[in-house]
Amino acid sequence: MTAVFLAAPEDAWPRRAAELAAELRAALGPLALRVEHIGSTAIPGMAAKPVYDLQISVADLDAAAAAFDAPLAGLGFTRRPYEHDHVPAGRADSPDAWRKRYWNRAGAEPVNLHVRLAGSPNERLALLFRDWFRAHPAAVPAYGAFKTALADAVDDSDTYTDVKDPVVDLVIVAAEEWATTSGWSSSGPTA
C-alpha cells in the first residue's frame, strides 16, 4: 500500500496533459473517440496527486482493450484488473453500466488511463465532475482541503479512494443540478 501525496497545483498540468492526450490519440487511432484530461490535475487551483488522469471514450470496451494493449505497452502502460467504477450512492444503475478498462503508467510522470464507453454514466460523471469545479472555483479550496486532510489521515491510497468516493457522490448531486440549469452537456468540446 502506498501513502497518498498531494501536490500544490501546477500551471504546467493542463499543457502536459494535452501533450499526453495527443500522444495517445496518435498511438490508438480512431477507436479512441475522445481523449480527455479529467480528475484533479484538470481543475485549476486544485491540490492533486501528481498523477494525470486521462479518459478515453470508446464504442466497445473489449475491442478497444484488445487493440490498445500493445500500443499502450509500448508507451509504458500496464493494464490493471479494475473493470468497474464505483456506482454513486443513490443510483439504481446496474454495475454493468459503470464498466471500464484501466491502464496506468508509473514512474516520473504517472498516468491513470480510464477507458470508458462513450455515453456511459461513468464517462459523463468524470467530465461533469471536472467541469463543475471549473465553473465553481470557489469550491476548489474546500475540496482541496478535504483531500489534504484525508491524505494526512490515512496510510494508503485504497482507503483514501474509499473515503473520497462518497464525497465525490455529494459533489455530483450539486453538479447534476448545475448541469440541468446551465445546459451543460458531456458532448462538449474536449479538454
Side-chain angles (χ1 to χ4, degrees), residues 2 4-61 63-80 82-83 85 100-120 122-137 139-141 143-144 147-148 151 157 160-161 164 168 171 175 184-191:
T2 306
V4 177
F5 168 74
L6 295 181
E10 293 186 22
D11 292 339
W13 285 345
R15 176 194 48 77
R16 183 59 188 136
E19 293 168 357
L20 291 166
E23 290 172 26
L24 290 166
R25 278 187 205 93
L28 301 177
L31 289 179
L33 303 175
R34 291 172 71 173
V35 181
E36 299 272 352
H37 182 202
I38 60 169
S40 293
T41 60
I43 300 166
M46 180 69 73
K49 292 181 288 181
V51 177
Y52 293 98
D53 282 287
L54 298 173
Q55 174 173 270
I56 298 178
S57 301
V58 299
D60 182 293
L61 285 173
F68 291 177
D69 272 333
L72 287 174
L75 294 172
F77 286 88
T78 302
R79 187 159 169 209
R80 301 296 183 193
Y82 308 107
E83 294 195 348
D85 283 318
K100 74 175 185 180
R101 298 299 179 264
Y102 175 75
W103 288 260
N104 77 336
R105 181 171 74 187
E109 190 175 60
V111 178
N112 293 326
L113 185 59
H114 309 268
V115 177
R116 297 179 172 121
L117 286 172
S120 66
N122 50 345
E123 178 213 33
R124 182 181 181 280
L125 184 138
L127 300 171
L128 178 59
F129 181 85
R130 176 198 69 193
D131 291 354
W132 184 84
F133 272 111
R134 286 178 174 177
H136 296 87
V140 170
Y143 186 67
K147 292 190 336 169
T148 299
S157 59
Y160 175 84
T161 299
K164 190 176 71 157
V168 171
V171 169
W184 177 88
S185 170
S186 63
S187 61
T190 60

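Positions are given from 1 along the sequence.
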Closest approach of [X] to [Y] (non-hydrogen atoms, all atoms of both residues):
{"X": "L117", "Y": "A59", "result": "CD2-O, 3.5 Å"}
{"X": "V115", "Y": "A64", "result": "CG1-CB, 4.5 Å"}
{"X": "K147", "Y": "S40", "result": "NZ-OG, 2.6 Å"}
{"X": "L33", "Y": "A118", "result": "CD1-CB, 4.0 Å"}
{"X": "R34", "Y": "S187", "result": "NH1-CA, 3.6 Å"}
{"X": "P71", "Y": "L28", "result": "CG-CD2, 3.9 Å"}

Keeping K49 on the side-chain end and V4 on the backbone end, is there a donor-acceptor pair under 3.5 Å?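 Answer holds: no.
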
Do side-chain atoms of R116 reach the backbone of Q55 as a donor and acceptor pair under 3.5 angstrom?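 Not confirmed, R116 side chain does not pair with Q55 backbone.
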
Is there side-chain contact between [X] and [Y], with at least one heavy-atom pair below 4.5 Å?
{"X": "W13", "Y": "I43", "result": "no"}
{"X": "L24", "Y": "L113", "result": "yes"}
{"X": "E123", "Y": "S57", "result": "yes"}
{"X": "R101", "Y": "R79", "result": "yes"}

Mind checking what makes side-chain hydrogen bond (donor to acceptor under 3.5 Å, both in side chains) contact with R16, not counting sequence neighbours?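 Partners of R16 by the side-chain hydrogen bond (donor to acceptor under 3.5 Å, both in side chains) criterion, ordered by chain and then number, come out as E19, E23, E109.
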
Residues that A21 engages under side chain to side chain contact (heavy atoms under 4.5 Å, CB included), provided they are two or more places apart: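 A21 satisfies side chain to side chain contact (heavy atoms under 4.5 Å, CB included) with R25, V35 once adjacent residues are dropped.
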
Using side chain to side chain contact (heavy atoms under 4.5 Å, CB included) as the criterion, list what pairs up with V111, not counting sequence neighbours.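 Per chain and number, V111 pairs via side chain to side chain contact (heavy atoms under 4.5 Å, CB included) with L20, Y52, L54, F77, R105.
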
For the residue pair W103 and F68, categorise the inter-ring angle as parallel (less than 30°), tilted (30 to 60°) or perpendicular (more than 60°).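 Rings of W103 and F68: tilted, as their planes differ by 30° to 60°.
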
Quick one: sort the F133 and F129 rings into parallel, tilted or perpendicular, breaks at 30° and 60°.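 If you compare the ring of F133 with that of F129, the planes turn out perpendicular.
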
Would L127 and W132 count as a side chain to side chain contact (heavy atoms under 4.5 Å, CB included) if you check the C-alpha gap in whole Å, the side-chain angles of each, and the deciding distance to 0.1 Å? CA-CA 8 Å; L127 300 171; W132 184 84; over 6 Å; no

I need the H136 NE2 to D131 CG distance, nearest 0.5 Å.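 The NE2 atom of H136 sits 11.0 Å away from the CG atom of D131.
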
Inter-residue atom distance I38.CD1 - L128.CG, 0.5 Å rounding: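 It is 12.0 Å, given to the nearest 0.5 Å.
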
Quiz question: by atom type and distance under 3.5 Å, do the side chains of H114 and D53 form a donor-acceptor pair?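 The criterion, which ignores hydrogens and geometry beyond distance, is satisfied for D53 and H114.
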
Could you give me the CA-CA distance, side-chain angles and deciding distance for Y102 and E83, then say whether side chain to side chain contact (heavy atoms under 4.5 Å, CB included) is met? CA-CA 7 Å; Y102 175 75; E83 294 195 348; over 6 Å; no

